[in-house]
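Please read the structure below before turning to the comments.
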Amino acid sequence: MKKPTIRDIAKQADVSPSCVSMILNGKSLSRFSQETVSRVYAASRELGYRNRRKEKEGQREIILIICPSLTNPYYATLIQGMEQEAKGQGYTTIIYTTYWDKEEEQAALELCADPRIAGVVFSMIPQQPALAEKAAASVPMVAVGDRNTSLGVDTIDVCNYRAGCMVASHLIGLGHRHVAYISTGLNSEHSSRVNRCTGLAEEYGRSCPEGSVTVYSRDVSPERELNVVEIEHSVGYALAQECLKKSPEITAMVAINDMVAYGVRDALLDARKKIPEDISLCGFDNIYPSGFHGVELTTVEHSIVERGRSSIRLLAEKLWGQPGLAEDGNAVTRVEYQSRLVVRGSTGPASTGKTHSGTDRS
């Protein structure tokens with residue numbers, strides 16, 4: 001097969017070869033409109049053009065990783081998996097942190113017009129799907145997120161609904177009839193949070209109709225996400241305190257993720273509640289501190305590193321048209337990882353009502 005040339009790109013993009021050369025080499029970009037730059041770069045990708053000059057100079061193509069936060073080890077671990085694979089594939093990466101700010105997400109997507117950006121990976125489901133889908137029409141894109149989404153972008157998924165069902169089944173089996181779900185903001189922009197809650201509640205409705213799931217949630221602004229490093233821990237702590245005051249019937253608390261669960265844990269211990277004798281505690285994601293002695297959190301394994309690596313592999317296949325990918329430009333690829341419950345010492349049989357006092361934090 002004939003290798004594509006600058007002239008081929010120029011013909012497809014309806015510009016001059018010199019224009020293509022300057023854009024692909026990052027020279028005098030201010031001379032060209034964003035539309036022209038995007039059109040040239042889209043044509044170069046579609047034709048499978050490799051910039052041999054840059055390769056000889058040791059310049060690697062860049063993958064843009066869009067991430068909401070780096071304080072939660074979930075995202076740090078996910079990104080490390082991405083960077084492991086990217087380095088092996090010969091790409092370099094840059095990270096754009098949005099702190100769940102829609103304007104920052106839009107600014108990140110605007111970078112897609114830069115010809116140095118080979119592809120984009122969202123480490124979450126985009127808050128603005130329509131903008132992401134529009135950008136994906138000109139630059140290869142993959143999102144790491146939740147199976148239950150209509151996003152028109154290739155994704156590496158887990159089924160958070162099923163994960164919620166798993167936790168519910170585990171707690172029901174231990175005799176817990178009344179549980180609380182502790183979460184940061186619940187809305188359509190955070191499908192994983194909503195689907196975990198829905199799975200938990202619906203499994204209780206099916207298997208334990210006499211039971212109940214009480215939801216405690218708190219919205220967090222992008223400003224607080226940015227300025228309060230321990231935000232998830234503090235939300236978990238505050239909501240657990242509220243739950244203890246308002247819902248004395250609760251025998252188990254389920255946190256939206258492990259970081260929030262750590263805040264719940266500290267609030268319970270400060271209230272002289274023993275875990276799991278008085279109240280059981282579950283999280284989601286199985287970040288690495290959750291297995292530490294003294295924490296031993298029951299949680300759901302979501303294959304964080306593996307999903308990060310898979311997102312880059314899928315993106316690389318899109319970039320170079322590897323065999324096996326659908327040729328239909330309207331096709332969307334979804335790769336789903338199976339969730340797995342990891343049972344540790346933070347869950348046990350439901351309390352009979354007798355309070356265990358003490359300050360033991362082990």
Side-chain angles (χ1 to χ4, degrees), residues 72-74 145-148 157-186 190-218 232-233 235-236 239-240 243-244 247 249-265 267-268 273 275-292 295-304 307 336-351:
N72 188 329
Y74 168 83
D146 183 72
R147 172 187 171 190
N148 296 287
D157 300 330
V158 290
C159 183
N160 283 293
Y161 176 87
R162 187 181 301 128
C165 293
M166 287 181 181
V167 171
S169 295
H170 173 62
L171 293 175
I172 291 169
L174 291 171
H176 295 278
R177 297 295 175 261
H178 303 288
V179 303
Y181 183 75
I182 310 293
S183 179
T184 42
L186 293 170
H190 299 286
S191 62
S192 62
R193 301 176 189 175
V194 173
N195 286 322
R196 289 172 184 178
C197 183
T198 302
L200 182 76
E202 291 189 355
E203 185 61 35
Y204 260 85
R206 288 188 291 266
S207 303
C208 184
E210 72 279 13
S212 65
V213 176
T214 304
V215 177
Y216 288 89
S217 68
R218 178 169 297 178
E232 290 185 297
H233 179 280
V235 167
L239 291 178
C243 178
L244 289 173
S247 305
E249 74 281 6
I250 295 298
T251 61
M253 296 188 187
V254 180
I256 175 57
N257 60 38
D258 291 2
M259 283 297 292
V260 172
Y262 300 161
V264 173
R265 174 182 180 273
L268 294 176
K273 300 292 185 181
I275 304 171
E277 293 87 349
D278 294 322
I279 296 181
S280 287
L281 175 61
C282 294
F284 291 90
D285 293 333
N286 194 29
I287 58 179
Y288 66 88
S290 295
F292 289 176
V295 179
E296 299 172 346
L297 180 67
T298 293
T299 183
V300 178
E301 169 62 44
H302 276 155
S303 306
I304 307 173
R307 285 195 295 143
E336 181 179 342
Y337 278 75
Q338 296 297 303
S339 301
R340 177 173 59 87
L341 185 69
V342 178
V343 179
R344 297 193 179 101
S346 69
T347 52
S351 170

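Just so you know, these numbers come straight off a predicted model, no measurement behind them.
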Closest non-hydrogen atoms of Leu281 and Arg265, given as atom of the first, atom of the second and distance, are CD2-CB, 3.7 Å
State the OG1-CE distance between Thr214 and Met253, to the nearest 0.5 angstrom.
-> 10.0 Å
Side-chain heavy atoms of Ile279 within contact of Val264, under 4.5 Å = no
Salt bridge (charged side-chain N to carboxylate O under 4.0 Å, His left out) filter on Asp285, not counting sequence neighbours, yields Arg196
side-chain hydrogen bond (donor to acceptor under 3.5 Å, both in side chains) with Arg206: which residues, sequence neighbours excluded?
-> Tyr161, Glu203
Could you give me the CA-CA distance, side-chain angles and deciding distance for Ser192 and Phe284, then say whether side chain to side chain contact (heavy atoms under 4.5 Å, CB included) is met?
-> CA-CA 10 Å; Ser192 62; Phe284 291 90; over 6 Å; no
Please report the closest heavy-atom contact between Gly145 and Arg307, naming both atoms and the distance.
-> O-NH1, 3.9 Å
Heavy-atom distance under 4.5 Å between the side chains of Leu239 and Val260, does that happen here?
-> no
Partners of His233 by ring-ring contact (aromatic ring centres under 6.0 Å, His included), sequence neighbours excluded?
-> none
Nearest heavy-atom contact between Ser212 and His178 is OG-ND1, 2.7 Å
Which heavy atom of Tyr204 sits nearest a heavy atom of Ile172, and at what distance?
-> CZ-CG1, 3.5 Å
Side-chain (Arg344) to main-chain (Leu297) donor-acceptor, under 3.5 angstrom = yes
Given the rule in the side chain to side chain contact (heavy atoms under 4.5 Å, CB included) test, do Cys165 and Glu202 qualify, once you have shown the distances and angles that lead to the verdict?
-> CA-CA 8 Å; Cys165 293; Glu202 291 189 355; 5.9 Å; no
Set of side-chain hydrogen bond (donor to acceptor under 3.5 Å, both in side chains) partners for Tyr181, sequence neighbours left out = none
Beyond-backbone contact of Tyr262 with Val295, side-chain heavy atoms, under 4.5 angstrom = yes
Separation between OG (Ser346) and CD1 (Ile275), nearest 0.5 Å, reads 7.5 Å
Which distance, rounded to the nearest 0.5 Å, do you find between the OG of Ser217 and the NE2 of His190?
-> 11.0 Å
Criterion side chain to side chain contact (heavy atoms under 4.5 Å, CB included) on Ser339 and His302, from CA distance to verdict | CA-CA 5 Å; Ser339 301; His302 276 155; 3.1 Å; yes
For the residue pair Ser191 and Asp146, what are the closest heavy atoms and their distance?
-> OG-CB, 3.6 Å
Name all residues meeting the side-chain hydrogen bond (donor to acceptor under 3.5 Å, both in side chains) criterion together with Thr184; count only those two or more places apart in sequence or in a different chain, and write none if there are none.
-> Arg193
Is a donor on one side and an acceptor on the other found under 3.5 Å between the side chain of Asn286 and the backbone of Val300?
-> no
Rounded to the nearest 0.5 Å, the CG atom of Leu174 sits from the OG atom of Ser280 at a distance of 6.5 Å
Residue list, side chain to side chain contact (heavy atoms under 4.5 Å, CB included) with Thr251, at least two apart or on another chain = His176, Ala350
Given side chains that start at C-beta, do those of Val167 and Leu341 come closer than 4.5 Å, heavy atoms only?
-> yes
Atom pair CZ/CD1 of Arg218 and Ile182 - distance to nearest 0.5 Å = 10.5 Å
OG of Ser290 to CG of Asn257: how many Å apart, nearest 0.5 Å?
-> 9.0 Å
For the residue pair Thr347 and Cys282, what are the closest heavy atoms and their distance?
-> CG2-SG, 3.4 Å
